[in-house]
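Read the structure below first, then the notes.
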Amino acid sequence: MEKFVDLGYDMARLWAKYWPDYLTGIRSTLIVAVVATLAGCIIGLVCGILNTIPYAKTDSLGKRFILKLIRVIVRIYVEVFRGTPMILQAVFIFYGLPYFTNGSVAFKGYSGIWIATLIVVSINTGAYMAETVRGGIISVDPGQTEGAKAIGMTHVQTMTNVILPQAFRNIVPQIGNNFIINIKDTSVMFVIGFIEFFAAHRNIVGVNLMYFPSATIEMIGYLCMTLVASFLLRLLEKKLDGNDSYELVQVDALTMSAGTYNYPGRGTPFDERNPEAQKSMLREELRRQAERDAAAWEGQMAETRRSHGGTGTKQDGGDQ
């Protein structure tokens, strides 16, 4: 118990002395996470839509070649950025571009570090969101697409008006998951000199060597950020789900005529659920069927009599 008291005391000392540095790191972390998640969603949306454009053997060779080439490029992009650590991606982009361009393309100053950080996290998020969007589009019932085509919608109209609104609800949890991951994974950006929450912790520890108390502050800070993000995302999902109960609107005339119909009371001749009414309807139907059968039988008999009468007349004339 004494150790916990000492830990709390050390954390209070660190926070009292370095709270501006911690808050600056938290602010940088949140800015990068929000901006990179939005940019990654846009990248993933474009890649997901391009990756699901349909084509058939009857299409022109040029169209099929372009669509296949786009899918190959998207697949390479997704596999490369999903299959490599973000810290190495940051190294390759921040240090690799100046290396291959002989310094003509370089991220100079702290503003350059900010730009490089946003690019790395955005591209990495876009690779994950590309597959998320593709899965969300595929999850929509194919009958929705067929119905849209049946009423003359183009592919763009079908995607914007039918498919994407439904797919968006399916991918909202994954968007939130990527946002929470970005809050934590920005900690690797210290490798290119970006000062975020974890980098602030490293700088503070380098001054006072109180590693564990500062790491505990970091853990609590990251936990608070992710819990708040999860809470806000749950509110968004609940908002998209709508109300659990609905009331019948009785203002429009069509709603009044179609939505307020009540069955007749039990026991009345017009009650379809009344057994006596059902028996009466059955007897009436049998009576009508019997009348139709009797009329048909009488017609057949009359036709038979006419045919026999004509034959007898011909025979009498022949005997004379």
Review point. Just wondering, are more than 12 heavy atoms of other shown residues or ligands nearer than 6.0 Å to CZ in Arg64?
Key: yes

N/O donor to acceptor pairs below 3.5 angstrom from side-chain atoms of residues 25-37, sequence neighbours left out:
| from | atom 1 | to | atom 2 | distance (Å) |
| --- | --- | --- | --- | --- |
| Ser28 | OG | Thr24 | O | 3.1 |
| Thr29 | OG1 | Gly25 | O | 2.9 |
| Thr29 | OG1 | Phe197 | N | 3.1 |
| Thr37 | OG1 | Ala33 | O | 2.5 |
| Thr37 | OG1 | Asn182 | ND2 | 3.0 |

Exercise for review: Report yes or no: does Glu303 contribute a side-chain atom to a donor-acceptor pair with the main-chain N or O of Gln300 at less than 3.5 Å?
Suggested key: no

Review point. Looking at Arg202 and Glu218, does any basic side-chain N land under 4.0 Å from a carboxylate oxygen?
Key: no

Check your understanding: Does any non-hydrogen side-chain atom of His201 lie less than 4.5 Å from one of Ile217?
Key -> no

Exercise for review: With the side chain counted from C-beta on, respond yes when Ile175 and Phe179 share a heavy-atom pair under 4.5 Å apart, and no when they do not.
Suggested key: no

Check your understanding: Any donor-acceptor pair under 3.5 Å linking the side chain of Asn208 with the backbone of Ile204?
Key -> yes

Check your understanding: Between Ile195 and Tyr110, is any pair of side-chain heavy atoms under 4.5 Å apart?
Key -> yes

Review point. Are the side chains of Tyr77 and Ile43 in touch, meaning some heavy atoms are under 4.5 Å apart?
Key: yes

Check your understanding: Got a salt bridge between Glu298 and Arg292, using NZ or NE/NH1/NH2 to carboxylate O under 4.0 Å?
Key -> no

**Study point:** Lys/Arg N to Asp/Glu carboxylate O, Asp10 vs Arg13, below 4.0 Å
**Key:** yes

Review point. Does any non-hydrogen side-chain atom of Tyr18 lie less than 4.5 Å from one of Val207?
Key: yes

Point to revise | Backbone of Phe92 reached by a side-chain donor or acceptor of Tyr99 within 3.5 Å | key: no

Review point. With no hydrogens and no angle check, is any side-chain donor or acceptor of Gln89 less than 3.5 Å from a backbone partner on Asn124?
Key: no

Review point. Checking salt bridge (Lys or Arg N to Asp or Glu O under 4.0 Å) for the pair Arg287/Glu284: CA distance, chi angles, key distance, verdict?
Key: CA-CA 5 Å; Arg287 185 184 65 80; Glu284 181 65 20; 2.5 Å; yes

Review point. Side-chain contact, heavy-atom cut-off 4.5 Å: Ile192 with Phe107?
Key: no

Point to revise | Check: Val121 and Met86 side chains under 4.5 Å, non-hydrogen atoms | key: yes

Review point. Should Glu146 and Lys149 count as an ion pair when the cut-off is N to O under 4.0 Å?
Key: no

Review point. With a 4.5 Å limit on heavy-atom distance, are the side chains of Glu196 and Phe198 in contact?
Key: yes

Review point. Do the side chain of Ser214 and the main chain of Met210 share a donor and acceptor less than 3.5 angstrom apart?
Key: no

Review point. Is Trp19 atom CH2 crowded by more than 12 heavy atoms from other residues, nucleotides or ligands, each under 6.0 Å away?
Key: no

Review point. Would you say the side-chain atoms of Asn161 pair up with the backbone N or O of Gln157, donor to acceptor, closer than 3.5 Å?
Key: yes

Check your understanding: Side chain of Thr52, backbone of Ile49: donor and acceptor closer than 3.5 Å?
Key -> yes

Check your understanding: Does Arg71 reach the main-chain N or O of Ile53 with its side chain, forming a donor-acceptor pair under 3.5 Å?
Key -> yes

Practice item. Can you tell me which residue pairs pass the side chain to side chain donor-acceptor pair (under 3.5 Å) test with a partner in residues 163-176, sequence neighbours excluded? Key: Ser139-Asn170, Gln144-Gln166, Arg169-Asp241

